[in-house]
There are 2 protein chains.
Amino acid sequence: MKHNENNFFKSAFSVDNIIFGFDDGDLKVLLIKRGASPFKGLWALPGDLVYPNEDLDTAAYRVLEELTGLKKVYLEQVHTFGAVDRHPLGRVITIAYFSLVKISDFTLMPSSFAQNVEWHTVDKALKSQLAFDHNDILNTCFNALTHRVRIRPVGFELLPPKFTLTELQHLYESLLQAGLDKRNFRKKILSMSLLVDLDELQEGVPHRPAKLYKFDKERYHQLEAHGFSFEVKESKKKEKKRRLAELIAQ
Amino acid sequence: MKHNENNFFKSAFSVDNIIFGFDDGDLKVLLIKRGASPFKGLWALPGDLVYPNEDLDTAAYRVLEELTGLKKVYLEQVHTFGAVDRHPLGRVITIAYFSLVKISDFTLMPSSFAQNVEWHTVDKALKSQLAFDHNDILNTCFNALTHRVRIRPVGFELLPPKFTLTELQHLYESLLQAGLDKRNFRKKILSMSLLVDLDELQEGVPHRPAKLYKFDKERYHQLEAHGFSFEVKESKKKEKKRRLAELIAQ
DNA sequence: AGTTATTGGCGTCGAATAAACACCAACCTG
DNA sequence: CAGGTTGGTGTTTATTCGACGCCAATAACT
């Protein structure tokens, strides 16, 4: 952060990196409480101006690493936001990325430019007021994630290396905002042979322990090369229930 | 175009608008032969620097209108390209859009900054050398289009207002690079009730004339609001043939 | 030790969807 | 009027999807 910010303004570009994690049955997003104007005190998405000699992707990885210390994670560009008045101090367009991290993998490293860094559930974050046009950005990135997760097995990026089928199902239910049928889900997932049965059991749970699995990345790349579609669909019955509940809630 | 370009350079952003059309059974893309350095004489995607007080989408529409005179067309942001060295004169990132136009709707208006504007088949354009990183950009946008066309009925944007089912099928075969079964295609398309039978016939064709249809936009928006999936799938038999042909071609 | 509470793990059948497939009709041309 | 070209249509089979319920394994409690 040794760059003189006056050089950037008038016309500059930044990256925002929407960092998703999954914990405790909920999809979470990493937010920073702004310590300076504008929007001081509001929560914002992590981001930074792009250095003059820095590729966009590199900048997005840098933002991530400064916050979490993580380097090799799933990261994807989503959309660029460039409304003329989106930044009160000048013309700043921002390229939005999302990344998927395993919350268990690290402890937060609050970076120098932020006072507070916290995980928020996506639900609540979407409803609260964020700095700049970050509600819009978060919304777009969340939609991109829910779309992507139907097509590619990126969900595994959010789980610890070893997980149970029920955890996986909860993750998908949370991402797709849908109820899934247990038996059909297991059948489908296992029939893809993307999971390796580790022959290990959960420990320390107050009920029958479940088998642990891991995601087989090599296998996935093999299948992908041969044209392979990944899709998970909602149970229609549960969908009806959900829609009914939504109607009542209005 | 009265902006002093020196103000932009060092760090600037542009939009590139990949304009797709469909004609003569082929997907086409509008290219401009560069009349000035860098890359003088090479074909390039239409684009321009974004004005300081202009939204990104507005800039993309402007580029389109300067070339074609068209205003209300389908336009979608795809990806932002920002490698440090992608522009030889300075740091210029570019936001890529694609738009879909009906070639029959207009005659080209070569704009002041271009010497030559021409439709090229996407196939050939991808294989030829384009200016800057435009091969990369075109490739990304073409992939985005083939993906989008599976999910939303955007293909109609490329056809004249009145079209036959065979024309529609050819369009989809061209976009999906797949062979489709005639009867299944017609069954599926018609069952969506997105087409209106105009009770008119083709004229001037040297064979039995086909019925003309138009796309029913209102109907589509109705269906879309009630959750509606649009998908067209390849005939498996034809897929096998195609894959075999690809293997032989290597 | 036995009971209770909680989650894990498994297979079948009916319904819906997708895919393969071939012939006659209509029009133009020469 | 014969030949060439494209238009238009239904049925059957294979595959996929989706609904559905019960016993097993473990820990906690008494």
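Chain naming here is simple, since letters A, B, ... match the order of the sequence lines and numbering starts at 1 in each.
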| task | Among residues two or more places apart or on two chains, list those pairs meeting salt bridge (charged side-chain N to carboxylate O under 4.0 Å, His left out) that have a residue in residues 164-178 of chain A. | result |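 Pairs touching residues 164-178 of chain A that pass the test: none.
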
| Which pairs count as side chain to side chain donor-acceptor pair (under 3.5 Å) when at least one residue sits in residues 139-149 of chain A, sequence neighbours excluded? |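 Residue pairs with at least one partner in residues 139-149 of chain A: A/Glu76-A/Arg148.
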
| task | Start with the C-alpha gap between A/Lys211 and A/Asp197, add the side-chain angles, then the distance that decides, and say whether salt bridge (charged side-chain N to carboxylate O under 4.0 Å, His left out) holds. | result | CA-CA 7 Å; A/Lys211 283 208 242 183; A/Asp197 182 343; 3.0 Å; yes

| query | What pairs with B/Glu234 under side-chain hydrogen bond (donor to acceptor under 3.5 Å, both in side chains), at least two apart in sequence or on another chain? | reply |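 So B/Glu234 forms a side-chain hydrogen bond (donor to acceptor under 3.5 Å, both in side chains) with B/Arg242.
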
| message | At a heavy-atom distance below 4.0 Å, which nucleotide of DNA chain C is the first touched by chain A, and which is the last? | response |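 For DNA chain C, the relevant span reads C/dT6 to C/dT12.
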
| message | The criterion is side chain to side chain contact (heavy atoms under 4.5 Å, CB included); which residues satisfy it with A/Lys162, sequence neighbours excluded? | response |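 Side chain to side chain contact (heavy atoms under 4.5 Å, CB included) check on A/Lys162 returns A/Leu198, A/Glu200, A/Leu212.
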
| request: Could you list the residues that satisfy side chain to side chain contact (heavy atoms under 4.5 Å, CB included) with B/Ser174, not counting sequence neighbours? | output: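 With sequence neighbours excluded, B/Ser174 shows a side chain to side chain contact (heavy atoms under 4.5 Å, CB included) to B/Phe22, B/Leu27, given in chain and number order.
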
| request: May I ask you to list the residues of residues 192-210 of chain B, by number, that have any heavy atom positioned under 4.0 Å from an atom of DNA chain C? | output: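 Output list: B/Val205, B/Pro206, B/His207, B/Arg208, B/Pro209.
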
For [X], check ring pair (Phe, Tyr, Trp, His ring centres under 6.0 Å) against everything at least two apart and list the hits.
X	value
B/Phe81	B/His79
A/Trp119	none
B/Phe215	B/Phe156

| Touch class at under 4.0 angstrom, heavy-atom based, for A/Thr164 against every strand present |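 Nothing, no heavy atom under 4.0 Å.
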
| field | Contact pattern, 5' to 3', of nucleotides 12-22 of chain D - B, S or - by protein heavy atom under 4.0 Å | value | -----SBBBB-

| Atom CG of B/Leu190 to atom C1' of D/dG8: distance rounded to whole Å? |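 Roughly 11 Å, once rounded to whole Å.
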
| request: Using salt bridge (Lys or Arg N to Asp or Glu O under 4.0 Å) as the criterion, list what pairs up with A/Lys188, not counting sequence neighbours. | output: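 Partners of A/Lys188 under the salt bridge (Lys or Arg N to Asp or Glu O under 4.0 Å) test: none.
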
